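Single-structure report; data block below.
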Amino acid sequence: MPCSPPRLATWLAATALCLPLSGRAWAEVSESVQYRYYTASPDPGITLTDRLIKASPLRESGQVLLGHTRWQVRWNLKWHRGTAGRCTLDRVQTHLQATVTLPQQDPQDTREGAQFKTLQHALREHQKAHLRLAREAAEEIDRRLWQLPTMPTCGDLNRAADVLGQHLLTQARQRILAYDQRTGQGRRETEILRD
C-alpha cells in the first residue's frame, strides 16, 4: 500500500510506517581498497620465476608470495544510556581497509608476455576472492554487532562488541586459509611459471 500523507499528524504516523523499524537497517560497511604493484626488472639471464621471487616485497612465514591481500576490519560504536542507566547501541560504523599487492610487467620486458599475463590474471582472481571474503567478514561483523542487546553498562557493551568482532575475524581468517588450501594457493602460480 503506497504511503500518502493526508494530514500532518497522519503523515508523521504513516511516514514512520514506511521507514525501516530502526536506523540499523541503514547500517553500511565503508571500505578503502588500495592496489600496490611491484615490477620484476628484465634480465635475460634470469627466469621469470626467479625475477618475480626476487622482486616480490611479500614475505610470510619464510615464504615468498607473488600476490597478497592484507585486510583489517575496524568498528566504532555509539550508544546511549537509558533512564535506568542501561546502554543501547545507537550506531555502528564498520570499516574495511585492504591493500592488494600484485606484480606488473615491466614495459621493456616482452620475452614472457603471455606467460606473465596468465600468471597476473590468476593472481588477480585469487586476490579478488580474498577481498570478497574480507568484505563478507566486515558485513557479518556489522550485522552481528547490531544484534547486541541492551546491556547494564556501556563498558559491558563495548567489551561484548570487541569479543564478538575478534571472534568473527578469527573465523574469517580461518575461512580464507581454508580457501587457500582448497584452491592450492601457490600451486597454480608455480604451474603457470613452469609452462
Side-chain angles (χ1 to χ4, degrees), residues 23-40 49 52-79 87 89-104 116 118-149 151 153-194:
R24 296 174 185 205
W26 296 101
E28 188 175 304
V29 175
S30 64
E31 71 174 50
S32 60
V33 179
Q34 185 177 34
Y35 286 84
R36 295 174 56 193
Y37 297 92
Y38 65 92
T39 304
T49 304
L52 287 169
I53 288 170
K54 183 179 175 183
S56 175
L58 304 167
R59 306 285 189 271
E60 194 172 279
S61 304
Q63 183 182 10
V64 178
L65 304 175
L66 300 182
H68 188 261
T69 300
R70 182 175 307 282
W71 61 276
Q72 63 181 5
V73 177
R74 295 190 180 175
W75 51 90
N76 186 19
L77 309 179
K78 300 290 182 197
W79 52 75
C87 200
L89 278 175
D90 272 340
R91 186 173 66 192
V92 176
Q93 294 174 309
T94 307
H95 183 72
L96 168 66
Q97 184 173 2
T99 303
V100 180
T101 305
L102 294 165
Q104 66 182 3
F116 184 89
T118 302
L119 172 68
Q120 188 181 47
H121 177 74
L123 288 169
R124 186 178 306 278
E125 290 304 306
H126 188 81
Q127 298 314 313
K128 276 185 190 176
H130 276 241
L131 190 54
R132 178 182 48 78
L133 291 167
R135 283 180 174 131
E136 289 173 4
E139 289 165 3
E140 182 180 14
I141 288 169
D142 191 75
R143 185 176 60 254
R144 296 279 300 277
L145 289 177
W146 271 119
Q147 294 171 359
L148 287 171
M151 297 198 177
T153 70
C154 293
D156 291 340
L157 184 57
N158 203 42
R159 280 187 292 281
D162 285 344
V163 167
L164 176 60
Q166 292 302 326
H167 173 72
L168 294 171
L169 284 175
T170 299
Q171 288 183 335
R173 288 189 180 101
Q174 290 169 348
R175 283 192 297 273
I176 289 174
L177 285 173
Y179 169 76
D180 283 344
Q181 290 171 352
R182 191 173 63 251
T183 59
Q185 181 205 18
R187 190 181 69 234
R188 278 183 21 194
E189 291 83 1
T190 304
E191 288 168 358
I192 291 167
L193 288 167
R194 271 200 220 114

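These numbers come from a predicted model, not from an experiment. Position 1 is the first residue of the sequence, and the numbers go up from there.
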> Just wondering, are more than 12 heavy atoms of other shown residues or ligands nearer than 6.0 Å to CZ in R36?
Replying inline: no
> On the ring face of W71, is R135 found with NZ or CZ under 6.0 Å from the centre and within 45° of the axis?
Replying inline: no
> Which heavy-atom pair separates G67 from L123 by the least distance, and what is that distance?
Replying inline: N-CD2, 4.0 Å
> Name the one of L157, N158, D156 that satisfies side chain to side chain contact (heavy atoms under 4.5 Å, CB included) with L148?
Replying inline: L157
>> Return the CG to CZ distance between L131 and R124, rounded to the nearest 0.5 Å.
In response: 12.0 Å
> Is there a side-chain contact between R59 and V64 (heavy atoms, below 4.5 Å)?
Replying inline: yes
>> Checking E136 against R132 for the salt bridge (Lys or Arg N to Asp or Glu O under 4.0 Å) test, could you report, in this order, the C-alpha distance in whole Å, the side-chain angles of both residues, the deciding distance, and whether it holds?
In response: CA-CA 6 Å; E136 289 173 4; R132 178 182 48 78; 3.2 Å; yes
> What is the minimum heavy-atom distance between V73 and A138, and which atoms define it?
Replying inline: CG2-CB, 3.9 Å
> If you measure from CZ on R74 to CG on L96, what distance do you get to the nearest 0.5 Å?
Replying inline: 11.5 Å
>> Would you compute the distance between atom NE2 of H68 and atom OG1 of T101 and round it to the nearest 0.5 angstrom?
In response: 8.0 Å
> Nearest heavy-atom pair of L77 and A161: which atoms, and what distance?
Replying inline: CD1-CB, 3.3 Å
> Rounded to the nearest 0.5 Å, what separation is found between the CD1 atom of I141 and the CD atom of Q171?
Replying inline: 9.5 Å
> Can you name the nearest heavy-atom pair linking R91 to W146, along with the distance?
Replying inline: CA-CH2, 3.3 Å
> Any side-chain heavy atom of L66 sitting closer than 4.5 Å to one from Y38?
Replying inline: yes
>> With a 3.5 Å distance limit and no angle check, can you tell me whether S56 reaches the backbone of L52 through a side-chain donor-acceptor pair?
In response: no
> Quick one: salt bridge (charged side-chain N to carboxylate O under 4.0 Å, His left out) partners of D180, sequence neighbours excluded?
Replying inline: none
>> Applying ring-ring contact (aromatic ring centres under 6.0 Å, His included), can you list everything that pairs with H130, at least two apart in sequence or on another chain?
In response: H126, Y179
> Any donor-acceptor pair under 3.5 Å linking the side chain of Q120 with the backbone of P103?
Replying inline: yes
> If you take all heavy atoms of A55 and A40, which pair is closest and at what distance?
Replying inline: CB-CA, 3.7 Å
> Rounded to the nearest 0.5 Å, how far does NZ of K128 lie from OG1 of T69?
Replying inline: 11.5 Å
> Can you find a heavy atom in the side chain of D142 that is under 4.5 Å from one in the side chain of W75?
Replying inline: no
>> Regarding Q97 and S32, do their side chains bring together a donor and an acceptor under 3.5 Å, going by distance alone?
In response: no
> Of all heavy-atom pairs between L145 and L89, which one has the smallest distance, and what is that distance?
Replying inline: O-CD1, 3.1 Å
> Rounded to the nearest 0.5 Å, how far does CD of Q127 lie from OG1 of T99?
Replying inline: 11.5 Å
